[in-house]
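Lettering of chains follows the sequences in order, A, B, ..., and the numbering in each one begins at 1.
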Number of protein chains: 2
Amino acid sequence: MKIYDKILTKNGKGEITSELKEKIIETSLKLFEKHGFHGVTVKDIVEACGTSKGGFYHHFQSKDELLYVIHDKFISYVLTRAFEAKDTYDTPTLQLYAIIQSFVKVFDLYKPHISVFYQESLYLKPQFDHLIKKKRDQYKKIIFDVINEGQQKGEFRKELAPEITGMSILGMVNWTHKWYRRDGEKTIEEIAAIFSDIILNGILTDAAIDQYQQLLLEKPAMKPNF
Amino acid sequence: MKIYDKILTKNGKGEITSELKEKIIETSLKLFEKHGFHGVTVKDIVEACGTSKGGFYHHFQSKDELLYVIHDKFISYVLTRAFEAKDTYDTPTLQLYAIIQSFVKVFDLYKPHISVFYQESLYLKPQFDHLIKKKRDQYKKIIFDVINEGQQKGEFRKELAPEITGMSILGMVNWTHKWYRRDGEKTIEEIAAIFSDIILNGILTDAAIDQYQQLLLEKPAMKPNF
DNA sequence: TGCGCAAGACCGACCGGTTGGTCTGTTCTA
DNA sequence: TAGAACAGACCAACCGGTCGGTCTTGCGCA
């Protein structure tokens, strides 16, 4: 006989939620990541949770709402960190550096969310899609703004179109969800450092590279010809 | 009364195929890109083609095989171009440059294929998945090989881990399918030029940057302090 | 040139399994 | 004891795939 978990608890954002609801989210996350939204049935989810259809539909209007909740969790987090970065630092280079650092690190924290996010966003119903799209656009805007400001202040090379540069950064980092493993060879910090290094070397002016030397990887002493 | 198209024709690779089969592929491509593999039924496809279930299953074993054909078309193309790049040029920098150029340009030619590829690869049945995975791994290997060779020859900075560098290039370029429009502000050649510039500036040694100056974007005369 | 015919191309009604979602009833908590 | 939390049998719609049949084409043969 199952003893029901009825204790109300609080999630990361201070919202009141139930243990079962959290468990459904976490369990479905793993299933979605592996088999995709349409490769997992509600039956699969409730069985993996040890609950029932009734339990599921008590907490979620529909399977689609569950997908929305998963999307929202990650995007809300990453957006908050980007706002923080803009507030904390006052030069575009430092802001961009901080954004990249937090953006990469988020893959360590929310990798399953992110995988589902990019794999299944096509299947979000319009009502939910609008909400997510808004936050995603906000995030892109922050990056574009930082790049524009950097070019105006002479820290970033003006010959690089800001929108394309922005998308190249988003692409490089976003793609991480396709290959990053927590138990892989490199830590998330090492990966973040390499990404930052490539991008900053790629888009900073010569003067700015000198100025922000400490953000870049150490250059090993160059041996003459080997 | 419908007049049947029975004329056999040849596709790009010289294979004999029928007009209906090509039409099914093209039509389903657009539908998949918009609504996803599971958002489109076989009924939707055959109605959009003006054919029937019978017509569809005469040309394809299953809906899954159709997905495979779409995947294979793009990946085969991009792989061929990468082999060509390795054969044609003899320094890692030029090889990497050529690979990036052809890799980016492919998005202009096969954007719907690529979108479906990255959106739906999770749903490929094992039998088809193995075939695709092989080609994808080959492509990654080419890029990693070029980077390793570039570091050994002193053209690429040794402090950047080759696997992470490779994935950053793949990510930056692959992400293009999420935002590129043929009627957008930048042409695919301009996008390719910017990507190449950021990456080469990001990973080449100072000596190599001087040597391969012509591959990079013109630096506008730097005004002293504005 | 015309005829007969086999085989490929295509049609579409139908089937069986699946799936998201419902509904009534039961158990737990405040 | 009210109402929230949950159980689980049930259902209607859907969807990939089948199958017997029809139409068209190309070819051997006279």
Solution key, residues 163-173 of chain A side-chain donor-acceptor pairs under 3.5 Å, sequence neighbours excluded:
| unit_1 | atom_1 | unit_2 | atom_2 | d |
| --- | --- | --- | --- | --- |
| A:T165 | OG1 | A:A161 | O | 2.8 |
| A:S168 | OG | A:T165 | O | 2.7 |

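- Counting only distance, with no hydrogens or angles, the side chain of B:S28 and the backbone of B:I25 share a donor-acceptor pair below 3.5 Å.
- Judged as a salt bridge (Lys or Arg N to Asp or Glu O under 4.0 Å), the pairs with a partner in residues 170-182 of chain A (not counting sequence neighbours) are, in order, A:D108-A:R182.
- For the pair A:N148 (side chain) and A:F144 (backbone), a donor-acceptor distance under 3.5 Å is present.
- Classified by interplanar angle (parallel below 30°, tilted 30° to 60°, perpendicular above 60°), the ring pair B:F74/B:F117 is perpendicular.
- Judged by distance alone, with hydrogens and angles left aside, the side-chain atoms of A:E120 form a donor-acceptor pair with the main-chain N or O of A:F37 at under 3.5 Å.
- Atom CG of B:L67 is separated from atom P of D:dG17 by 12 Å (rounded to the nearest Å).
- For A:Q119, there are no side-chain hydrogen bond (donor to acceptor under 3.5 Å, both in side chains) partners, not counting sequence neighbours.
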For nucleotides 18-22 of chain D, tabulate all protein N/O to nucleotide N/O atom pairs closer than 3.5 Å, reporting atom names and distance.
none

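- Near DNA chain D, meaning a heavy atom under 4.0 Å from it, residues 32-48 of chain B has B:V40, B:T41, B:V42 in order of number.
- A heavy atom lying under 4.0 Å from DNA chain C marks none of the residues of residues 115-131 of chain A.
- The side chain of A:S62 contributes no N or O atom lying less than 4.0 Å from OP1 or OP2 of C:dG20.
- When the P atom of C:dC10 is taken as reference, atom CZ of B:F60 falls 11 Å away, rounded to whole Å.
- The backbone N or O of A:K73 lies less than 3.5 Å from no partner atom in the side chain of A:S76, so there is not a single donor-acceptor pair.
- Dashed line: the shortest gap from a side-chain N or O of B:H58 to OP1 or OP2 of C:dA9 is under 4.0 Å.
- Remark: P of C:dG20 and CG of A:L66 are 11 Å apart, rounded to the nearest angstrom.
- At whole-Å resolution of the value, CG in B:L20 and P in C:dC10 are 5 Å apart.
- Using modelled atom types, one side-chain atom of A:E65 and one backbone atom of A:Q61 make a donor-acceptor pair closer than 3.5 Å.
- Between A:Y118 and B:W175, the distance from one ring center to the other falls under 6.0 angstrom.
- Proximity note for A:S52 (side chain, C-beta onward) versus C:dG20, D:dA7, C:dC11: the nearest is D:dA7.
- Phosphate contact (OP1/OP2 of D:dC6, side-chain N/O of A:H59, threshold under 4.0 Å): present.
- In this structure, the separation between CD1 on A:I203 and CG on B:D197 is 11.0 Å, given to the nearest 0.5 Å.
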